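Values below: every heavy atom of this structure, side chains too, minus hydrogens, waters and symmetry copies. In what follows, chains are A, B, ... by sequence order, proteins preceding strands, each numbered from 1. These numbers come from a predicted model, not from an experiment.
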Amino acid sequence: MRLSRMFMPTLREAPSDAEVVSHRLMVRAGMIRKVAAGIYNILPLGLKAHSRVENIVREEMNRACAQEVFLPMVIPSELWRESGRWDLYGKELLRVKDRHNRDFCLGPTHEEVITDLVRGEVRSYRDLPLNLYQIQTKFRDEIRPRFGLMRGREFIMKDAYSFHATEEDAESEYRGMYDTYCRIFERCGLEFRPVEAETGTIGGSFSHEFMVLADTGEDAIATCDVCGYAANVERAEAGISVPAGPALNRDKKDLEMVHTPGLKTVDEVSGHLKIFPDRLIKTLIYSTDRENVVALVRGDHELNEAKLKRMLEAEWVGLADEETVRKVTGGPSGFSGPVGLKARIVADYAVESVSNGVTGANEADMHFINVNPGRDFHVDAVGDLKMVVEGDRCARCEGTLAVARGIEVGHIFKLGTKYSEAMGATFLDERGKKQPLIMGCYGIGIGRVVAATIEQSHDERGIVWPHPLSPFHVYIVPVNVKDDRLFDVAEDIYDGLNAAGLDVLLDDREERAGVKFNDADLIGIPVRITVSNKTLDKGGVEIKKRREGEASMIGIDEVTDKVKEYIDMA
RNA sequence: CGGGGCGUGGCGCAGUCUGGUAGCGCACUAGCAUGGGGUGCUAGUGGUCGGAGGUUCGAAUCCUCUCGCCCCGACCA
């Protein structure tokens, strides 16, 4: 490709709304342009990077015997009503009406469509197993799109769905996809980590996320360096830590009510009473799809709603509104406590070991002190409810958890029969018995892989593409296109590299060398060949690797071999 | 959805408080020079000041409404 013909509008400055480095660099390199919040045009350079990722994904999915299909983006509401998600998915589901006033949605994910397709065709266990995937545009009306392609509303995703006759087959497919995903991200040149994850609105029995490690990541992951346990903090189990000795042995004093005017937060109350926050019992009133519950965590801990939801086996949980708080506790929010409550009370393990603690008194501006679990209030269920933090004990071994940030680029789910049962997708087994299909689903955010790559691989001058994802292999800079001698050599090299099957960008613009060097660094092509009279006089051209600082001289006839050698070894 | 902020040429911004003929840098066009890290000089192109309504002799500037975008929050009682 000749740069003079390429639509690659590079920018010296980034738009002020671009915050993270991948977003800034993608805009500056002319890879993307914004159309609306979370909605982008993808320009040639950006599309080439996307294609590189897609091709790797295709190759590996095909190798794993998955087959590519292409499903519609506009989906009739009936399918979503069948699965129950029309009502459950919430505002992220963009709903539209057609001219007949019928409801449709823009597909944020395709379990319904694929299940509908498969239930119509698959009759027998002989038709199984099946793994179908597509690479397609998804739309999720995100609450707050940001960071360019990292959290867009419209984005390109590879999603695969598998169907099996037995649990064993389904789990073996899940493990197969796990391996396939590892291979995909390794081939992309990413530093990543698979972690145990929450299943969210997709549902299913268990799942793993594939996280690219990056400080700008929106997810936090907890890892144990002793046993290798790794999980999204939304999911991560907390080990039961042994409370400090004196706390256990403290004499139980009499319950007492104290005046705490206007003091609601843990910090305010503990500051006022001059005690550590771990003496407080934080009392959270939750509404769920079936009842209101009281959840207790220690004052210095945070509640993990996903854990609460699982413990309660609820469809959804959410903090209760003021009115509900009053109904449950009899007092205003900010002064809730478990003492005397009739509602169901669940508590984190750590709450049990608080003695002579502090809680709200279910009365405005009042707290109890010297509260003791068991004596002053009952707990219906105890479990792991806290959000893990750096330094917590690992739940699986004696190690300690570290918390790092990551970008979720892939997610695999063992779905089970959630969709097949809801939508009547069944097959006949060997004995002629009707069974629901056992499903799995496996997603990769293509654009996120691109963004995460840049997030992980850049310097102050621009992008530094890992070879497999780079839009071009080589960038040729003739320092002066008006000099025929030099430009002819550049064109010969260009032809030679093209003939060798490489993707080459020839900067034939009438720009100064400095401009070209800066653009070359910005768009991050792995190899740069500079053609100038200075080097031609010494019988060669200059080769510079984007990842390395120093350039070196090579003979003109060596260029193709040297470039191939460098590109292939990555 | 709550709070805050911003909409002025393609991009980055000043001007708004205190109303008086719309400005800077980059980019773009032409010419000359230059030709290894965003070069110099000269001459240019390009703006309904997000939109609608109002106040005023006069509005980018004041008032009302509206649209869009960004940031924070929307879980710690």
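- Spacing between B:U45 and B:C57 at atom P, rounded to whole Å, works out to 35 Å.
- For A:Phe335, the ring-ring contact (aromatic ring centres under 6.0 Å, His included) partners are A:His367, not counting sequence neighbours.
- Across B:A27 and B:U64, the matching P atoms stand 41 Å from one another, rounded to whole Å.
- Judged by distance alone, the side chains of A:Asp365 and A:Thr260 never bring a donor and an acceptor atom under 3.5 Å apart.
- At the heavy-atom level, A:Thr535 lies under 4.0 Å from base atoms of the strands shown.
- Distance from the side chain of A:Leu303 is smallest for B:C76 among the nucleotides B:G25, B:C76, B:G36.
- Taking atom P on both B:C1 and B:U56, the two are 36 Å apart, rounded to the nearest angstrom.
- Contacts of A:Arg326 with the nucleic acid, taken as non-hydrogen atoms under 4.0 Å apart, are absent.
- In this entry the distance linking CD of A:Glu510 with C1' of B:A33 reads 14 Å, nearest Å.
- Comparing the C1' positions of B:A43 and B:G5 gives an interatomic distance of 40 Å, to the nearest angstrom.
- Contacts of A:Ala320 with the nucleic acid, taken as non-hydrogen atoms under 4.0 Å apart, include base atoms.
- Looking at A:Asp483, its side chain has no donor and acceptor atom pair within 3.5 Å of the base of B:G35.
- In this structure, A:Val325 reaches the bases: a heavy-atom distance under 4.0 Å links it to at least one base atom across the strands shown.
- Annotation: B:G38 and B:C26 have their C1' atoms spaced 10 Å apart (nearest Å).
- A:Arg33 comes within 4.0 angstrom of no nucleic acid atom, judged by non-hydrogen atoms across all strands.
- In this entry the distance linking CD of A:Glu542 with P of B:G37 reads 11 Å, nearest Å.
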Between the protein and nucleotides 38-40 of chain B, list the N/O to N/O atom pairs that are separated by less than 3.5 angstrom.
{"residue": "B:G38", "atom": "O4'", "partner": "A:Asn518", "partner atom": "ND2", "Å": "3.4"}
{"residue": "B:G38", "atom": "O2'", "partner": "A:Arg12", "partner atom": "NH1", "Å": "2.5"}
{"residue": "B:G38", "atom": "O2'", "partner": "A:Arg12", "partner atom": "NH2", "Å": "2.9"}
{"residue": "B:G38", "atom": "N1", "partner": "A:Asp519", "partner atom": "OD1", "Å": "3.4"}
{"residue": "B:U39", "atom": "N1", "partner": "A:Arg512", "partner atom": "NE", "Å": "3.2"}

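- Between B:G73 and B:U55, the two C1' atoms lie 37 Å apart (nearest whole Å).
- Taking atom CD of A:Glu511 as the reference point, atom P of B:A33 lies 18 Å away to the nearest angstrom.
- Comparing the P positions of B:C41 and B:G68 gives an interatomic distance of 44 Å, to the nearest angstrom.
- For B:C76, the base has a donor-acceptor partner in the side chain of A:Glu302 [N/O atoms by modelled type, under 3.5 angstrom].
- Between A:Ser532 and A:Met387, the residue anchored closer to the 5' end of RNA chain B is A:Ser532, taking for each the nucleotide with the nearest heavy atom.
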Using atom names, set out every protein N or O paired with an N or O of nucleotides 69-73 of chain B below 3.5 Å, distance rounded to 0.1 Å.
{"residue": "B:C69", "atom": "OP1", "partner": "A:Ala37", "partner atom": "N", "Å": "3.3"}
{"residue": "B:C69", "atom": "O3'", "partner": "A:Lys34", "partner atom": "NZ", "Å": "3.2"}
{"residue": "B:C71", "atom": "OP1", "partner": "A:Glu19", "partner atom": "OE1", "Å": "2.9"}
{"residue": "B:C72", "atom": "OP2", "partner": "A:Arg144", "partner atom": "NH1", "Å": "2.7"}
{"residue": "B:C72", "atom": "OP2", "partner": "A:Arg144", "partner atom": "NH2", "Å": "2.4"}

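- The base-pairing partner of B:G68, taking Watson-Crick or G-U wobble contacts with both distances under 3.5 Å, is B:C6.
- The residue A:Glu305 sits apart from the nucleic acid: no heavy atom pair falls under 4.0 Å.
- In a base pair of the Watson-Crick type (N1 to N3 plus N6-O4 or O6-N4) or a G-U wobble (N1-O2 and O6-N3), with each distance short of 3.5 Å, B:A59 is matched with no nucleotide.
- Under the Watson-Crick or G-U wobble criterion, with both distances below 3.5 Å, B:G35 has no partner in any strand shown.
- Contact record, A:Glu142 with A:Arg151: OE1-NH1, 2.9 Å, taken as the closest heavy-atom pair.
- Across all strands shown, B:G25 forms a Watson-Crick or G-U wobble pair with B:C11, both key distances being under 3.5 Å.
- Residue contacts shown for A:Thr265 are limited to sugar-phosphate atoms, with no base heavy atom under 4.0 Å away.
- Taking atom P on both B:G46 and B:A30, the two are 15 Å apart, rounded to the nearest angstrom.
- Residue A:Val479 is in base contact, counting any heavy-atom pair closer than 4.0 Å across all strands shown.
- Around the CG atom of A:Asp537, the shell of radius 6.0 Å holds more than 12 heavy atoms that belong to other residues, nucleotides or ligands.
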